[in-house]
Number of protein chains: 2
Amino acid sequence: MSPKRADTGPAVPGAIWLRERAPGRGGGLTRERIAEATVALLDADGAAGLSLRRLAEALGVHATTLYWHVATRDDLLDLALDAVFGEIPEAGGPGADWTGDITGYMHGLRRALLRHPWSAALAGSRPLTGPNALARAESVHVALTGAGFRGAELSAAAAAISNLVIGSVAVETSWQHEGEAPARRAVDEHLRRHAERYPTLAAHAPTLDDAWDDHFDRAVRFLVDGLAAAR
Amino acid sequence: MSPKRADTGPAVPGAIWLRERAPGRGGGLTRERIAEATVALLDADGAAGLSLRRLAEALGVHATTLYWHVATRDDLLDLALDAVFGEIPEAGGPGADWTGDITGYMHGLRRALLRHPWSAALAGSRPLTGPNALARAESVHVALTGAGFRGAELSAAAAAISNLVIGSVAVETSWQHEGEAPARRAVDEHLRRHAERYPTLAAHAPTLDDAWDDHFDRAVRFLVDGLAAAR
DNA sequence: ACCTGAACACCGTTCAAGT
DNA sequence: ACCTGAACACCGTTCAAGT
(Lines give C-alpha, C1' and ligand atoms only; values in the text may rest on other atoms or scores of the structure.)
Protein backbone atom coordinates (compact mmCIF):
# COMPACT_ATOMS: atom_id res chain seq x y z
CA MET A 1 0.00 0.00 0.00
CA SER A 2 1.60 3.25 -1.08
CA PRO A 3 1.47 5.96 1.62
CA LYS A 4 0.31 8.92 -0.45
CA ARG A 5 0.12 9.41 -4.15
CA ALA A 6 -0.22 12.41 -6.43
CA ASP A 7 -3.75 11.43 -7.31
CA THR A 8 -5.35 12.67 -4.13
CA GLY A 9 -8.24 14.95 -4.94
CA PRO A 10 -11.02 15.12 -7.47
CA ALA A 11 -10.51 14.03 -11.07
CA VAL A 12 -11.24 17.41 -12.60
CA PRO A 13 -9.00 18.92 -15.27
CA GLY A 14 -6.47 21.29 -13.81
CA ALA A 15 -6.62 19.33 -10.58
CA ILE A 16 -2.85 19.40 -10.32
CA TRP A 17 -3.01 23.09 -9.38
CA LEU A 18 -5.18 22.30 -6.38
CA ARG A 19 -2.67 19.92 -4.83
CA GLU A 20 0.33 20.79 -2.77
CA ARG A 21 3.52 19.90 -4.54
CA ALA A 22 5.90 17.28 -3.25
CA PRO A 23 8.71 18.70 -1.07
CA GLY A 24 11.36 17.84 -3.66
CA ARG A 25 14.55 18.25 -1.71
CA GLY A 26 17.46 18.28 -4.15
CA GLY A 27 18.13 14.98 -5.83
CA GLY A 28 15.16 13.69 -7.75
CA LEU A 29 12.42 14.84 -10.00
CA THR A 30 10.60 18.09 -9.45
CA ARG A 31 7.47 19.50 -10.97
CA GLU A 32 9.67 22.06 -12.77
CA ARG A 33 12.00 19.47 -14.29
CA ILE A 34 9.01 17.43 -15.43
CA ALA A 35 7.32 20.48 -16.94
CA GLU A 36 10.49 21.48 -18.76
CA ALA A 37 11.06 18.01 -20.21
CA THR A 38 7.40 17.74 -21.22
CA VAL A 39 7.54 21.04 -23.11
CA ALA A 40 10.72 19.91 -24.86
CA LEU A 41 9.17 16.62 -25.90
CA LEU A 42 5.98 18.30 -27.10
CA ASP A 43 8.01 20.85 -29.06
CA ALA A 44 9.96 18.07 -30.70
CA ASP A 45 7.19 15.60 -31.50
CA GLY A 46 3.83 17.26 -30.94
CA ALA A 47 1.01 16.20 -28.67
CA ALA A 48 0.72 12.77 -30.28
CA GLY A 49 4.40 12.10 -29.58
CA LEU A 50 4.15 12.57 -25.84
CA SER A 51 4.13 9.32 -23.94
CA LEU A 52 4.98 8.64 -20.33
CA ARG A 53 7.60 6.13 -21.39
CA ARG A 54 9.38 8.55 -23.70
CA LEU A 55 9.20 11.34 -21.18
CA ALA A 56 10.57 9.09 -18.45
CA GLU A 57 13.44 8.07 -20.70
CA ALA A 58 14.28 11.73 -21.30
CA LEU A 59 14.32 12.22 -17.55
CA GLY A 60 16.42 9.14 -16.90
CA VAL A 61 13.74 7.44 -14.89
CA HIS A 62 11.28 4.59 -15.15
CA ALA A 63 7.87 5.41 -16.66
CA THR A 64 5.89 4.52 -13.58
CA THR A 65 8.04 6.79 -11.44
CA LEU A 66 6.21 9.75 -12.93
CA TYR A 67 3.08 8.66 -11.09
CA TRP A 68 4.60 9.79 -7.84
CA HIS A 69 4.62 13.37 -9.14
CA VAL A 70 1.57 13.48 -11.39
CA ALA A 71 -1.72 11.65 -11.23
CA THR A 72 -2.30 11.27 -14.93
CA ARG A 73 -0.99 12.09 -18.36
CA ASP A 74 -3.31 15.08 -18.47
CA ASP A 75 -1.45 16.57 -15.52
CA LEU A 76 1.62 16.74 -17.74
CA LEU A 77 -0.32 18.74 -20.29
CA ASP A 78 -1.47 21.15 -17.59
CA LEU A 79 2.11 21.63 -16.43
CA ALA A 80 3.41 22.20 -19.96
CA LEU A 81 0.60 24.55 -20.91
CA ASP A 82 1.05 26.76 -17.88
CA ALA A 83 4.78 26.93 -18.60
CA VAL A 84 3.88 28.41 -22.01
CA PHE A 85 1.69 31.03 -20.35
CA GLY A 86 4.72 31.87 -18.23
CA GLU A 87 6.47 33.03 -21.40
CA ILE A 88 4.02 35.87 -21.98
CA PRO A 89 5.78 39.07 -20.94
CA GLU A 90 4.27 40.63 -17.83
CA ALA A 91 2.63 43.95 -18.60
CA GLY A 92 4.07 45.64 -15.51
CA GLY A 93 1.03 47.63 -14.54
CA PRO A 94 -1.58 49.27 -16.76
CA GLY A 95 -0.21 51.88 -19.16
CA ALA A 96 -1.78 55.13 -20.19
CA ASP A 97 -3.75 53.52 -23.02
CA TRP A 98 -5.74 50.43 -22.10
CA THR A 99 -6.34 49.49 -25.73
CA GLY A 100 -2.58 49.36 -26.15
CA ASP A 101 -2.27 47.10 -23.12
CA ILE A 102 -4.89 44.71 -24.46
CA THR A 103 -3.42 44.72 -27.97
CA GLY A 104 0.01 44.03 -26.55
CA TYR A 105 -1.30 41.20 -24.42
CA MET A 106 -3.00 39.55 -27.37
CA HIS A 107 0.16 39.68 -29.44
CA GLY A 108 2.26 38.43 -26.54
CA LEU A 109 -0.09 35.51 -25.98
CA ARG A 110 -0.04 34.66 -29.66
CA ARG A 111 3.75 34.70 -29.81
CA ALA A 112 4.03 32.37 -26.82
CA LEU A 113 1.48 29.95 -28.30
CA LEU A 114 3.15 30.02 -31.71
CA ARG A 115 6.49 29.16 -30.13
CA HIS A 116 4.93 25.87 -29.03
CA PRO A 117 2.64 24.76 -31.84
CA TRP A 118 0.87 22.14 -29.73
CA SER A 119 -0.16 24.66 -27.08
CA ALA A 120 -3.02 26.62 -28.66
CA ALA A 121 -5.14 23.54 -29.36
CA LEU A 122 -4.42 22.43 -25.82
CA ALA A 123 -5.38 25.82 -24.39
CA GLY A 124 -8.79 25.33 -25.99
CA SER A 125 -9.23 21.85 -24.59
CA ARG A 126 -8.82 22.31 -20.84
CA PRO A 127 -9.47 25.00 -18.24
CA LEU A 128 -6.61 27.47 -17.84
CA THR A 129 -6.18 27.44 -14.09
CA GLY A 130 -2.41 27.27 -13.65
CA PRO A 131 -0.63 30.04 -11.74
CA ASN A 132 0.84 31.68 -14.84
CA ALA A 133 -2.46 31.64 -16.71
CA LEU A 134 -4.23 33.13 -13.71
CA ALA A 135 -1.58 35.84 -13.34
CA ARG A 136 -2.04 36.87 -16.98
CA ALA A 137 -5.82 36.80 -16.61
CA GLU A 138 -5.40 39.05 -13.58
CA SER A 139 -3.47 41.58 -15.68
CA VAL A 140 -6.17 41.60 -18.33
CA HIS A 141 -8.84 42.16 -15.69
CA VAL A 142 -6.82 45.01 -14.20
CA ALA A 143 -6.50 46.71 -17.58
CA LEU A 144 -10.19 46.29 -18.32
CA THR A 145 -11.42 47.51 -14.94
CA GLY A 146 -9.12 50.50 -15.41
CA ALA A 147 -10.97 51.17 -18.64
CA GLY A 148 -14.28 51.05 -16.83
CA PHE A 149 -15.51 47.54 -17.60
CA ARG A 150 -17.59 45.98 -14.86
CA GLY A 151 -19.61 42.85 -14.16
CA ALA A 152 -20.78 40.74 -17.08
CA GLU A 153 -19.28 43.18 -19.57
CA LEU A 154 -15.89 42.77 -17.92
CA SER A 155 -16.06 38.98 -17.92
CA ALA A 156 -17.26 38.88 -21.51
CA ALA A 157 -14.51 41.23 -22.67
CA ALA A 158 -11.78 39.25 -20.91
CA ALA A 159 -13.11 36.01 -22.37
CA ALA A 160 -13.36 37.41 -25.89
CA ILE A 161 -9.78 38.63 -25.74
CA SER A 162 -8.22 35.31 -24.86
CA ASN A 163 -10.68 33.21 -26.84
CA LEU A 164 -9.98 35.07 -30.07
CA VAL A 165 -6.25 34.52 -29.63
CA ILE A 166 -6.64 30.86 -28.71
CA GLY A 167 -8.95 30.18 -31.63
CA SER A 168 -6.78 32.06 -34.09
CA VAL A 169 -3.52 30.41 -33.11
CA ALA A 170 -5.11 26.98 -32.86
CA VAL A 171 -6.36 27.27 -36.43
CA GLU A 172 -3.06 28.74 -37.60
CA THR A 173 -0.96 25.97 -36.08
CA SER A 174 -3.36 23.29 -37.28
CA TRP A 175 -2.13 24.02 -40.79
CA GLN A 176 1.48 23.50 -39.86
CA HIS A 177 1.27 19.96 -38.63
CA GLU A 178 2.18 18.28 -41.86
CA GLY A 179 3.90 21.17 -43.53
CA GLU A 180 1.68 24.07 -44.36
CA ALA A 181 2.60 24.67 -47.98
CA PRO A 182 1.48 21.31 -49.42
CA ALA A 183 -1.73 21.34 -47.38
CA ARG A 184 -2.58 24.82 -48.56
CA ARG A 185 -1.72 24.04 -52.15
CA ALA A 186 -3.94 20.97 -52.09
CA VAL A 187 -6.88 22.94 -50.71
CA ASP A 188 -6.34 25.77 -53.18
CA GLU A 189 -6.49 23.34 -56.06
CA HIS A 190 -9.53 21.67 -54.54
CA LEU A 191 -11.27 25.06 -54.33
CA ARG A 192 -10.39 25.86 -57.93
CA ARG A 193 -11.80 22.55 -59.10
CA HIS A 194 -15.08 23.21 -57.26
CA ALA A 195 -15.21 26.93 -57.98
CA GLU A 196 -18.86 26.67 -59.03
CA ARG A 197 -19.72 25.49 -55.53
CA TYR A 198 -17.63 28.08 -53.67
CA PRO A 199 -17.33 31.02 -56.06
CA THR A 200 -16.63 33.74 -53.49
CA LEU A 201 -14.22 31.56 -51.58
CA ALA A 202 -12.37 30.57 -54.73
CA ALA A 203 -12.17 34.15 -55.91
CA HIS A 204 -10.74 35.36 -52.62
CA ALA A 205 -8.63 32.34 -51.74
CA PRO A 206 -6.03 33.48 -49.25
CA THR A 207 -2.70 33.96 -50.95
CA LEU A 208 0.03 31.41 -50.45
CA ASP A 209 2.47 33.76 -48.74
CA ASP A 210 2.08 33.96 -45.02
CA ALA A 211 -0.68 36.43 -44.28
CA TRP A 212 -1.16 35.04 -40.77
CA ASP A 213 0.51 37.98 -39.03
CA ASP A 214 -1.43 40.54 -41.02
CA HIS A 215 -4.78 38.80 -40.52
CA PHE A 216 -4.23 38.42 -36.80
CA ASP A 217 -3.25 42.05 -36.50
CA ARG A 218 -6.47 43.09 -38.21
CA ALA A 219 -8.59 40.69 -36.14
CA VAL A 220 -7.19 42.20 -32.95
CA ARG A 221 -8.03 45.67 -34.18
CA PHE A 222 -11.60 44.62 -35.02
CA LEU A 223 -12.17 43.31 -31.51
CA VAL A 224 -10.38 46.11 -29.67
CA ASP A 225 -12.31 48.68 -31.68
CA GLY A 226 -15.52 46.98 -30.66
CA LEU A 227 -14.43 46.97 -27.02
CA ALA A 228 -13.51 50.65 -27.20
CA ALA A 229 -16.91 51.45 -28.70
CA ALA A 230 -18.54 49.92 -25.61
CA ARG A 231 -16.86 52.46 -23.31
CA MET B 1 -1.32 -7.25 -52.29
CA SER B 2 -4.45 -5.18 -51.89
CA PRO B 3 -5.64 -3.53 -55.11
CA LYS B 4 -6.35 -0.05 -53.87
CA ARG B 5 -6.68 1.38 -50.42
CA ALA B 6 -8.14 4.55 -48.96
CA ASP B 7 -4.69 5.82 -48.09
CA THR B 8 -3.79 6.97 -51.58
CA GLY B 9 -2.67 10.56 -51.55
CA PRO B 10 -0.60 12.79 -49.32
CA ALA B 11 -0.66 12.49 -45.55
CA VAL B 12 -1.98 15.98 -44.91
CA PRO B 13 -4.85 16.63 -42.52
CA GLY B 14 -8.14 16.83 -44.31
CA ALA B 15 -6.76 14.56 -46.99
CA ILE B 16 -9.95 12.55 -46.97
CA TRP B 17 -11.73 15.40 -48.77
CA LEU B 18 -9.28 15.23 -51.64
CA ARG B 19 -10.00 11.58 -52.41
CA GLU B 20 -12.84 10.17 -54.41
CA ARG B 21 -15.15 8.16 -52.24
CA ALA B 22 -15.66 4.48 -52.66
CA PRO B 23 -18.61 3.56 -54.95
CA GLY B 24 -20.61 2.13 -52.04
CA ARG B 25 -23.34 0.25 -53.82
CA GLY B 26 -25.96 -0.69 -51.28
CA GLY B 27 -24.89 -3.34 -48.82
CA GLY B 28 -21.84 -2.36 -46.83
CA LEU B 29 -20.31 0.59 -45.15
CA THR B 30 -20.47 4.05 -46.58
CA ARG B 31 -18.71 7.24 -45.66
CA GLU B 32 -22.05 8.54 -44.37
CA ARG B 33 -22.73 5.56 -42.12
CA ILE B 34 -19.21 5.77 -40.73
CA ALA B 35 -19.53 9.50 -40.11
CA GLU B 36 -22.85 9.04 -38.36
CA ALA B 37 -21.57 6.28 -36.09
CA THR B 38 -18.43 8.25 -35.31
CA VAL B 39 -20.46 11.28 -34.25
CA ALA B 40 -22.64 9.08 -32.06
CA LEU B 41 -19.64 7.49 -30.38
CA LEU B 42 -17.95 10.84 -29.84
CA ASP B 43 -21.16 12.27 -28.40
CA ALA B 44 -21.42 9.35 -26.01
CA ASP B 45 -17.81 9.04 -24.84
CA GLY B 46 -15.83 12.05 -26.03
CA ALA B 47 -12.73 12.18 -28.16
CA ALA B 48 -10.76 9.94 -25.81
CA GLY B 49 -13.44 7.25 -26.09
CA LEU B 50 -13.24 6.89 -29.84
CA SER B 51 -11.34 3.83 -30.92
CA LEU B 52 -11.45 1.96 -34.17
CA ARG B 53 -12.39 -1.23 -32.38
CA ARG B 54 -15.34 0.33 -30.58
CA LEU B 55 -16.50 2.09 -33.71
CA ALA B 56 -16.24 -1.11 -35.71
CA GLU B 57 -18.27 -2.93 -33.10
CA ALA B 58 -20.99 -0.29 -33.32
CA LEU B 59 -21.03 -0.79 -37.08
CA GLY B 60 -21.09 -4.58 -36.82
CA VAL B 61 -17.80 -4.98 -38.56
CA HIS B 62 -14.21 -5.91 -37.80
CA ALA B 63 -11.90 -3.06 -36.79
CA THR B 64 -9.53 -3.45 -39.69
CA THR B 65 -12.41 -3.27 -42.13
CA LEU B 66 -12.56 0.47 -41.54
CA TYR B 67 -9.22 0.82 -43.27
CA TRP B 68 -10.87 0.15 -46.58
CA HIS B 69 -12.90 3.34 -46.18
CA VAL B 70 -10.54 5.61 -44.23
CA ALA B 71 -6.79 5.86 -44.20
CA THR B 72 -6.37 6.73 -40.56
CA ARG B 73 -8.15 7.50 -37.32
CA ASP B 74 -7.80 11.20 -38.10
CA ASP B 75 -9.96 10.72 -41.18
CA LEU B 76 -12.79 9.73 -38.86
CA LEU B 77 -12.41 12.99 -36.97
CA ASP B 78 -12.55 14.93 -40.24
CA LEU B 79 -15.74 13.12 -41.23
CA ALA B 80 -17.38 13.71 -37.86
CA LEU B 81 -16.36 17.35 -37.69
CA ASP B 82 -17.71 18.18 -41.11
CA ALA B 83 -20.97 16.49 -40.18
CA VAL B 84 -21.24 18.96 -37.29
CA PHE B 85 -20.71 21.88 -39.67
CA GLY B 86 -23.54 20.45 -41.71
CA GLU B 87 -25.86 21.17 -38.77
CA ILE B 88 -25.37 24.92 -39.05
CA PRO B 89 -28.51 26.34 -40.67
CA GLU B 90 -27.84 27.68 -44.16
CA ALA B 91 -28.31 31.42 -44.29
CA GLY B 92 -30.24 31.29 -47.57
CA GLY B 93 -28.69 34.31 -49.19
CA PRO B 94 -27.57 37.56 -47.61
CA GLY B 95 -30.26 39.51 -45.83
CA ALA B 96 -30.77 43.24 -45.68
CA ASP B 97 -28.44 43.66 -42.70
CA TRP B 98 -25.04 42.01 -43.02
CA THR B 99 -24.29 42.41 -39.30
CA GLY B 100 -27.39 40.38 -38.61
CA ASP B 101 -26.23 37.68 -41.00
CA ILE B 102 -22.83 37.47 -39.32
CA THR B 103 -24.31 37.51 -35.83
CA GLY B 104 -26.74 34.77 -36.81
CA TYR B 105 -23.95 32.68 -38.30
CA MET B 106 -21.84 32.95 -35.17
CA HIS B 107 -24.71 31.84 -32.97
CA GLY B 108 -25.59 29.02 -35.35
CA LEU B 109 -22.02 27.79 -35.38
CA ARG B 110 -21.85 27.93 -31.59
CA ARG B 111 -25.06 25.95 -31.20
CA ALA B 112 -23.84 23.23 -33.54
CA LEU B 113 -20.51 22.97 -31.72
CA LEU B 114 -22.20 22.93 -28.30
CA ARG B 115 -24.42 20.08 -29.40
CA HIS B 116 -21.25 17.98 -29.82
CA PRO B 117 -18.94 18.98 -26.98
CA TRP B 118 -15.88 17.31 -28.57
CA SER B 119 -16.20 19.29 -31.78
CA ALA B 120 -14.95 22.78 -30.89
CA ALA B 121 -11.57 21.59 -29.65
CA LEU B 122 -11.33 19.48 -32.77
CA ALA B 123 -12.24 22.40 -35.00
CA GLY B 124 -9.22 24.21 -33.60
CA SER B 125 -6.89 21.31 -34.16
CA ARG B 126 -7.25 20.57 -37.88
CA PRO B 127 -7.95 22.51 -41.07
CA LEU B 128 -11.65 22.87 -41.84
CA THR B 129 -11.74 21.75 -45.43
CA GLY B 130 -14.77 19.48 -45.56
CA PRO B 131 -17.63 20.31 -47.93
CA ASN B 132 -19.96 21.57 -45.21
CA ALA B 133 -17.29 23.76 -43.60
CA LEU B 134 -16.41 25.22 -46.99
CA ALA B 135 -20.06 25.91 -47.80
CA ARG B 136 -20.49 27.82 -44.53
CA ALA B 137 -17.25 29.72 -45.15
CA GLU B 138 -18.60 30.60 -48.58
CA SER B 139 -21.74 32.12 -47.01
CA VAL B 140 -19.65 34.21 -44.64
CA HIS B 141 -17.54 35.48 -47.52
CA VAL B 142 -20.65 36.36 -49.48
CA ALA B 143 -22.07 38.35 -46.57
CA LEU B 144 -18.79 40.15 -46.01
CA THR B 145 -18.20 41.02 -49.66
CA GLY B 146 -21.76 42.32 -49.75
CA ALA B 147 -20.78 44.60 -46.89
CA GLY B 148 -17.82 45.87 -48.87
CA PHE B 149 -14.97 43.87 -47.38
CA ARG B 150 -12.16 43.09 -49.83
CA GLY B 151 -8.75 41.45 -49.90
CA ALA B 152 -6.84 41.08 -46.66
CA GLU B 153 -9.58 42.83 -44.70
CA LEU B 154 -12.10 40.28 -45.97
CA SER B 155 -9.91 37.31 -45.10
CA ALA B 156 -9.10 38.70 -41.67
CA ALA B 157 -12.75 39.40 -40.92
CA ALA B 158 -13.86 35.93 -41.96
CA ALA B 159 -11.09 34.35 -39.89
CA ALA B 160 -11.88 36.44 -36.81
CA ILE B 161 -15.53 35.47 -37.01
CA SER B 162 -14.99 31.72 -36.97
CA ASN B 163 -11.93 31.82 -34.72
CA LEU B 164 -13.74 33.69 -31.97
CA VAL B 165 -16.56 31.15 -32.02
CA ILE B 166 -14.20 28.17 -32.09
CA GLY B 167 -12.08 29.55 -29.26
CA SER B 168 -15.10 30.48 -27.17
CA VAL B 169 -16.88 27.16 -27.50
CA ALA B 170 -13.68 25.19 -27.04
CA VAL B 171 -13.04 26.92 -23.74
CA GLU B 172 -16.68 26.61 -22.72
CA THR B 173 -16.86 22.88 -23.41
CA SER B 174 -13.49 22.28 -21.77
CA TRP B 175 -15.15 23.05 -18.46
CA GLN B 176 -17.85 20.46 -18.99
CA HIS B 177 -15.67 17.42 -19.37
CA GLU B 178 -15.74 16.33 -15.76
CA GLY B 179 -18.86 18.12 -14.74
CA GLU B 180 -18.63 21.86 -14.76
CA ALA B 181 -19.96 22.71 -11.32
CA PRO B 182 -17.34 20.92 -9.21
CA ALA B 183 -14.51 22.20 -11.41
CA ARG B 184 -15.74 25.75 -11.14
CA ARG B 185 -16.28 25.50 -7.42
CA ALA B 186 -12.77 24.18 -6.92
CA VAL B 187 -11.27 27.03 -8.92
CA ASP B 188 -13.41 29.63 -7.15
CA GLU B 189 -12.17 28.40 -3.80
CA HIS B 190 -8.62 28.33 -5.08
CA LEU B 191 -8.97 31.94 -6.20
CA ARG B 192 -10.37 32.97 -2.84
CA ARG B 193 -7.49 31.31 -1.02
CA HIS B 194 -4.98 33.19 -3.17
CA ALA B 195 -6.92 36.44 -3.37
CA GLU B 196 -3.78 38.43 -2.55
CA ARG B 197 -2.18 37.12 -5.73
CA TYR B 198 -5.20 37.65 -7.99
CA PRO B 199 -7.21 40.42 -6.32
CA THR B 200 -9.07 41.66 -9.40
CA LEU B 201 -9.80 38.14 -10.60
CA ALA B 202 -11.04 37.08 -7.17
CA ALA B 203 -13.21 40.17 -6.85
CA HIS B 204 -14.83 39.61 -10.23
CA ALA B 205 -14.93 35.84 -10.24
CA PRO B 206 -17.55 34.77 -12.72
CA THR B 207 -20.73 33.77 -10.94
CA LEU B 208 -21.64 30.14 -10.64
CA ASP B 209 -24.81 30.35 -12.67
CA ASP B 210 -24.33 29.82 -16.34
CA ALA B 211 -23.30 33.12 -17.87
CA TRP B 212 -21.90 31.43 -20.98
CA ASP B 213 -24.75 32.49 -23.25
CA ASP B 214 -24.64 36.08 -22.06
CA HIS B 215 -20.86 36.36 -22.36
CA PHE B 216 -20.85 34.89 -25.84
CA ASP B 217 -23.62 37.23 -26.91
CA ARG B 218 -21.58 40.21 -25.72
CA ALA B 219 -18.38 38.93 -27.31
CA VAL B 220 -20.14 38.64 -30.66
CA ARG B 221 -21.39 42.19 -30.34
CA PHE B 222 -17.89 43.47 -29.53
CA LEU B 223 -16.47 41.88 -32.67
CA VAL B 224 -19.33 42.76 -35.00
CA ASP B 225 -19.24 46.36 -33.76
CA GLY B 226 -15.55 46.47 -34.59
CA LEU B 227 -16.22 45.01 -38.03
CA ALA B 228 -18.98 47.55 -38.66
CA ALA B 229 -16.66 50.38 -37.63
CA ALA B 230 -14.26 49.30 -40.38
CA ARG B 231 -16.88 49.91 -43.08
C1' DA C 1 -14.60 -4.46 -54.34
C1' DC C 2 -14.91 -5.27 -49.80
C1' DC C 3 -14.10 -7.75 -45.42
C1' DT C 4 -11.51 -10.91 -42.05
C1' DG C 5 -7.91 -12.44 -38.64
C1' DA C 6 -3.57 -12.63 -36.86
C1' DA C 7 0.15 -9.99 -35.56
C1' DC C 8 3.36 -5.83 -34.26
C1' DA C 9 4.72 -2.22 -31.62
C1' DC C 10 3.05 0.48 -28.87
C1' DC C 11 -0.06 2.83 -25.03
C1' DG C 12 -1.84 4.71 -19.73
C1' DT C 13 -2.30 2.98 -15.44
C1' DT C 14 -2.19 -0.40 -11.21
C1' DC C 15 0.12 -2.28 -7.55
C1' DA C 16 3.30 -4.72 -4.74
C1' DA C 17 7.90 -4.35 -3.70
C1' DG C 18 12.21 -2.18 -2.90
C1' DT C 19 15.40 1.57 -0.40
C1' DA D 1 9.69 9.85 0.52
C1' DC D 2 10.67 8.30 -3.72
C1' DC D 3 11.63 4.83 -7.33
C1' DT D 4 11.36 0.10 -9.65
C1' DG D 5 9.41 -3.89 -12.32
C1' DA D 6 5.99 -6.78 -13.71
C1' DA D 7 1.52 -6.95 -15.32
C1' DC D 8 -3.31 -5.59 -17.36
C1' DA D 9 -6.20 -4.03 -20.67
C1' DC D 10 -6.05 -1.60 -24.11
C1' DC D 11 -4.41 1.07 -28.58
C1' DG D 12 -3.56 2.30 -34.32
C1' DT D 13 -1.95 0.12 -38.10
C1' DT D 14 0.06 -3.70 -41.38
C1' DC D 15 -0.62 -7.34 -44.28
C1' DA D 16 -1.80 -11.65 -46.22
C1' DA D 17 -5.80 -14.03 -47.00
C1' DG D 18 -10.53 -14.80 -47.98
C1' DT D 19 -15.05 -14.06 -51.09
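By convention in this document, chain letters (A, B, ...) are assigned in the order of the sequence lines, proteins followed by strands, and residues within each chain are numbered from 1.
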side-chain contact (heavy atoms from CB on, under 4.5 Å) filter on A/Val39, not counting sequence neighbours, yields A/Asp43, A/Ala80, A/Ala83, A/His116, A/Trp118
Can you tell me how far P of D/dC2 sits from CG of A/Leu59, to the nearest Å? 15 Å
The nucleotide from D/dT4, D/dC15, D/dC3 with an atom nearest the side chain of A/Trp68 is D/dC3
Strictly below 4.0 Å: does A/His62 bring a side-chain N or O up to OP1 or OP2 of D/dA6? no
Which parts of residues 38-56 of chain B get close to DNA chain C, meaning a heavy atom less than 4.0 angstrom away? none
Closest contact, heavy atoms only, B/Ile166 versus B/Ala120: CG2-O, 3.8 Å
Between D/dG5 atom P and A/Leu66 atom CG, what is the distance in whole Å? 14 Å
May I ask you to say whether A/Arg185 pairs ionically with A/Glu189, meaning some side-chain N is under 4.0 Å from a carboxylate O? no
How would you list all residue pairs meeting ring pair (Phe, Tyr, Trp, His ring centres under 6.0 Å) that involve residues 31-56 of chain B, not counting sequence neighbours? none
Rounding to a whole Å, what distance do you find between B/Glu57:CD and D/dC10:C1'? 14 Å
Quick one: does any side-chain atom of B/Arg136 pair with a main-chain N or O of B/Ile88 as donor and acceptor, under 3.5 Å? yes
Would you confirm whether A/Glu138, through its side chain, and B/Arg197, through its main-chain N or O, come within 3.5 Å as a donor-acceptor pair? no
If a pair means Watson-Crick or G-U wobble with both distances below 3.5 Å, what does DNA chain D look like in dot-bracket form, with | marking bases paired to a different strand? ||.|||||...|||||.||
Got a sec, which pairs hit side-chain hydrogen bond (donor to acceptor under 3.5 Å, both in side chains) with one end in residues 45-56 of chain A, sequence neighbours left out? A/Asp45-A/Arg54
Test side-chain contact (heavy atoms from CB on, under 4.5 Å) applied to A/Ala133 - qualifying residues, sequence neighbours left out: A/Asp82, A/Phe85, A/Leu128
State whether the side chain of A/His141 and the backbone N or O of A/Ala137 hold a donor-acceptor pair below 3.5 Å, judged by distance alone. yes
Starting from C1' on C/dG12, measure out to CG on A/Leu76 and report it in whole angstrom. 11 Å
Would you say A/His69 reaches D/dA1's phosphate, i.e. side-chain N/O to OP1/OP2 under 4.0 Å? no
Should B/Thr65 be listed as having a side-chain N or O under 4.0 Å from OP1 or OP2 of C/dT4? yes
Could you give the OH-to-P distance, from A/Tyr67 to C/dT13, as a whole number of Å? 4 Å
Taking only the side-chain nitrogens and oxygens of A/Thr72, find out if one of them lies under 4.0 Å from OP1 or OP2 of C/dT13. yes
